[in-house]
Structure formats: structure tokens, C-alpha cells
Amino acid sequence: MAQKKQYSNAHKAYDPAVQKNPALFSHWLKRGMASTQLKDYTSAERDLSRYLRYLDTAYVHYYLGEVYEKQGKARHGMHLSIIKGGEIGTKTQAKILALTGKG
């Protein structure tokens, strides 16, 4: 419950930041990540997609993949974060293997 409140507070903090400076794309990623944790997948998809217009990163693909999975569109975007590599790529690869029953 306390963790949900943290994400809720974070989400509220990013609302004015996004409104004040919408071109600062990192706010879109952070608010989208918070929305994902709050299970507000429609808002998360909107914010993460907006971030993706500015910058293509493994993190945005990972979180979009999480959103798509929860919406029943699994693996729609996660594969791109594997290509980016690193820690998030490894995490994504494990998630995809689990989703396909091969992990």
C-alpha cells in the first residue's frame, strides 16, 4: 500500500512538470512508469508513446511491453529493448521467455 502511495505521489508530481515543460521528454517516461505501477495502462501507454517520439530507449520499450502485456498485447514492443542490450535487455529477454513458456 505504501508503495502504491509513492507511485501516486510521483505521478502527481510529474503532472505539473509535464504541463510546464512538455518538451522535457524525461517527464513523459517517468510519469508513464508511475502510471504502469498504478495499473493505469491507458495513461501509461499515452505517456510512454509520447516519450518514444523524442527518444528511443530500451526502458521505454520495456515499459511499453509491460503495458501491452497487461492489455493483452504481449510482446508487441518488448523485443526492441533486447536489441538495446544491457540490464534492461536481459530483463526483457527473461520476460519474453517466461511469456512464451520457454523460460
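- Once rounded to the nearest 0.5 Å, the distance linking NZ of K5 with CG of L38 reads 13.0 Å.
- For H11, the ring-ring contact (aromatic ring centres under 6.0 Å, His included) criterion is met by no residue, not counting sequence neighbours.
- For the atom pair OH of Y41 and CD of E69, the computed distance is 8.5 Å after rounding to the nearest 0.5 Å.
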For this session: Show the numbers, then the answer: is there a side-chain contact (heavy atoms from CB on, under 4.5 Å) between H61 and L52?
Result: CA-CA 8 Å; H61 287 291; L52 187 57; 3.9 Å; yes
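- In summary, the side chains of E66 and Y62 do present a donor paired with an acceptor at a separation below 3.5 Å, with no hydrogens or angles considered.
- In this structure N21 satisfies the side-chain contact (heavy atoms from CB on, under 4.5 Å) test together with A23, L24, sequence neighbours excluded.
- A salt bridge (charged side-chain N to carboxylate O under 4.0 Å, His left out) check over residues 18-36, counting only residues at least two apart or in different chains, returns the pairs D15-R31, R31-D47.
- A donor-acceptor distance shorter than 3.5 angstrom exists from the side chain of W28 to the backbone of P22, with no hydrogens or angles considered.
- S35 OG to E45 CD: the interatomic distance, rounded to the nearest 0.5 Å, is 11.5 Å.
- Pairing each heavy atom of V60 with each of L55, the nearest pair is CG1-O, 4.2 Å.
- Residue pairs meeting the salt bridge (charged side-chain N to carboxylate O under 4.0 Å, His left out) criterion with at least one partner in residues 32-44, sequence neighbours excluded, are absent.
- Listed by chain and number, the residues in a side-chain contact (heavy atoms from CB on, under 4.5 Å) with Q37 are Y7, Y63 (sequence neighbours excluded).
- For the atom pair CG of L29 and OH of Y59, the computed distance is 9.5 Å after rounding to the nearest 0.5 Å.
- Here Y54 pairs with F25 under the ring-ring contact (aromatic ring centres under 6.0 Å, His included) rule; sequence neighbours left out.
- Contact record, A44 with G32: CB-O, 3.5 Å, taken as the closest heavy-atom pair.
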